[in-house]
Protein chains: 2
Amino acid sequence: MKHIHTIGEAAAASGVSAKMIRHYEKIGLIAAAERTDSGYRLYTPADIHTLRFIRRARNLGFSVDDISELLDLWRNDSRTSKDVRRVADGHLGALRAKAAEIHSMIDALEQLFDGCTNDERPDCPILDDLADAAKPARPKQVGHKFGFERVC
Amino acid sequence: MKHIHTIGEAAAASGVSAKMIRHYEKIGLIAAAERTDSGYRLYTPADIHTLRFIRRARNLGFSVDDISELLDLWRNDSRTSKDVRRVADGHLGALRAKAAEIHSMIDALEQLFDGCTNDERPDCPILDDLADAAKPARPKQVGHKFGFERVC
DNA sequence: GATAGGGCTTCCCATCATTGGAAGGTCAAG
DNA sequence: CTTGACCTTCCAATGATGGGAAGCCCTATC
């Protein structure tokens with residue numbers, strides 16, 4: 001039984017597509033794989049373990065930069081749980097911020113939906129809101145301004 | 001007076017950056033602006049109204065494609081509220097799906113946080129989970145302390 | 001041995017909305 | 001005439017991923 005796999009096998013075993021494995025190599029998230037004489041990339045079970053780590057972290061929404069840090073910590077015996085926590089905490093904060101942003105959009109849309117008749121008539125609070133709701137700000141006069149009397 | 005504005009004024013008045021106004025013109029979301037003899041773009045109050053419409057729709061998270069459709073409906077007297085509703089409904093569904101995705105990430109992370117000592121020790125359930133999810137974090141408490149409600 | 005097929009390689013392009021910058025023209029005022 | 005704010009176009013990058021083309025490699029089958 002060989003423990004060496006092609007990129008396709010590594011992809012199937014890890015859940016990371018072959019395309020992305022090559023991409024992660026190119027951007028330096030993973031080390032460049034060994035190659036056969038003909039140039040095929042080769043992956044060990046340890047490599048595949050790393051790829052699964054990456055896959056799971058992506059599933060949790062971590063950015064590639066975060067994952068790079070997490071991989072370093074994972075391989076670093078002198079890490080502290082605090083270090084890991086810091087990375088994860090930052091991500092969690094970003095997720096919560098994103099969730100809040102989406103929820104404010106959802107809430108705003110749902111409010112508009114309340115007044116929408118959803119029938120053949122043209123009146124719709126959704127369009128009305130998009131067209132009028134914001135108070136029009138005056139054009140700011142900065143720097144020079146010049147007269148366009150003659151145009152159009 | 002001058003109902004005609006430069007791109008910078010239109011940007012300040014609409015909340016859409018000059019860069020994006022040019023971009024929207026290039027991709028066809030808005031019509032090509034009139035120009036002065038020297039090539040400067042010129043914007044009418046109606047143009048600025050349209051830009052504000054776009055800005056508000058972007059604030060609600062609509063894609064440029066959606067906004068294109070909404071603009072068409074806005075300008076189309078024979079639209080029905082159903083038509084508008086269909087576009088908005090599709091977007092609302094996408095927002096809810098995105099929210100659900102983010103919340104599942106948040107929930108998963110929070111569970112991992114529960115077991116993290118957050119100190120100088122190297123052991124951390126977050127890394128453990130990423131490295132090998134088959135070894136689940138200790139089944140202490142399934143509930144999470146931050147009460148984020150799921151919207152879908 | 002030749003051929004077909006599937007897998008591998010690299011390289012380029014597209015997404016999506018937005019920002020940044022460079023190089024250069026235009027305007028008003030000092 | 002110079003300054004400086006504004007405008008123009010063009011090109012590039014973001015982040016993670018997918019698509020596809022052109023071409024090489026490996027293996028099985030005839």
Side-chain angles (χ1 to χ4, degrees), chain A residues 2 4-30 32-43 51 54-69 91 94-95 98 101-102 105 139-151, chain B residues 2 4-30 32-43 51 54-68 91 94-95 98 101-102 105:
Chain A
K2 30 178 173 153
I4 298 296
H5 307 275
T6 64
I7 197 171
E9 292 164 350
S14 67
V16 180
S17 72
K19 276 266 202 230
M20 289 311 295
I21 295 176
R22 294 192 195 99
H23 178 64
Y24 291 151
E25 178 181 316
K26 189 165 61 170
I27 65 175
L29 180 63
I30 57 179
E34 299 293 317
R35 304 283 188 125
T36 66
D37 290 344
S38 58
Y40 282 24
R41 285 176 182 79
L42 295 175
Y43 295 89
L51 288 170
I54 293 171
R55 173 76 252 165
R56 290 186 200 294
R58 290 289 307 137
N59 285 344
L60 288 175
F62 283 100
S63 70
V64 166
D65 276 356
D66 282 348
I67 296 174
S68 184
E69 234 177 308
H91 177 50
L95 283 178
K98 190 72 187 164
E101 188 190 339
I102 290 178
M105 290 176 181
K140 195 175 73 177
Q141 304 284 6
V142 253
H144 75 273
K145 58 184 197 175
F146 44 95
F148 284 117
E149 259 96 52
R150 45 161 170 65
V151 301
Chain B
K2 297 201 287 279
I4 300 296
H5 306 277
T6 63
I7 198 172
E9 291 165 349
S14 67
V16 180
S17 72
K19 278 267 200 226
M20 288 311 294
I21 295 176
R22 295 191 194 98
H23 177 65
Y24 290 151
E25 178 182 314
K26 189 167 57 170
I27 65 175
L29 180 63
I30 57 180
E34 298 291 318
R35 304 283 189 123
T36 66
D37 291 344
S38 57
Y40 283 22
R41 285 176 181 79
L42 295 174
Y43 295 89
L51 288 170
I54 292 171
R55 174 74 252 165
R56 293 190 55 77
R58 290 290 306 138
N59 287 151
L60 289 175
F62 283 99
S63 71
V64 166
D65 275 356
D66 281 349
I67 296 174
S68 184
H91 177 51
L95 284 178
K98 190 72 188 162
E101 188 190 339
I102 290 178
M105 290 176 180

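Keep in mind that this is a model prediction, so the values were computed, not measured. Each chain gets a letter, A, B and so on, in the order the sequences are listed, and its residues count up from 1.
Rounded to the nearest 0.5 angstrom, A:D65 CG and A:L29 CG are separated by 9.0 Å.
Across all their heavy atoms, A:A33 and A:L42 have their closest contact at CB-O, 3.6 Å. Minimum interatomic distance between B:S17 and B:A11 (heavy atoms only, all atoms of both residues): C-CB, 4.0 Å. Closest heavy-atom contact between A:I102 and B:L95: CG2-O, 3.6 Å.
Using five terminal pairs a side, the axes of the helix from C:dG1-D:dC30 to C:dG30-D:dC1 at its two ends make an angle of 40°, given in steps of 10 degrees.
Among the atoms of the strands shown, only primed sugar atoms or phosphate atoms (P, OP1, OP2) are found under 4.0 Å from some heavy atom of A:R41.
Comparing B:K26 and B:I7 by the nucleotide of DNA chain D that holds the closest heavy atom to each, the one mapping nearer the 5' end is B:I7.
The closest donor-acceptor contact from the side chain of B:H91 to the backbone of B:L60 lies under 3.5 Å. Between the side chain of B:E9 and the backbone N or O of B:T6 there is at least one donor-acceptor pair closer than 3.5 Å.
The nearest whole Å value for the distance from the CD1 atom in B:I4 to the C1' atom in D:dC7 is 17 Å. If you take OH of A:Y43 and P of C:dG7, they are 16 Å apart, rounded to a whole angstrom. Atom CD of A:E9 and atom P of C:dG7 are 11 Å apart (whole Å). Residue B:R22 contributes atom CZ, which lies 13 Å from atom P of C:dT19 at whole-angstrom precision.
Put simply, A:T6 has no side-chain N or O that comes within less than 4.0 Å of OP1 or OP2 on C:dG7.
Residues passing the side-chain hydrogen bond (donor to acceptor under 3.5 Å, both in side chains) test with A:E25 are A:R41, sequence neighbours excluded.
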What string of B, S and - do you get for nucleotides 15-27 of chain D, 5' to 3', if B is base contact, S is sugar-phosphate-only contact and - is no contact with any protein heavy atom under 4.0 Å? -SBSBB----BS-

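Side-chain contact between B:M105 and B:E101: present, with at least one pair of heavy atoms (C-beta onward) separated by less than 4.5 Å.
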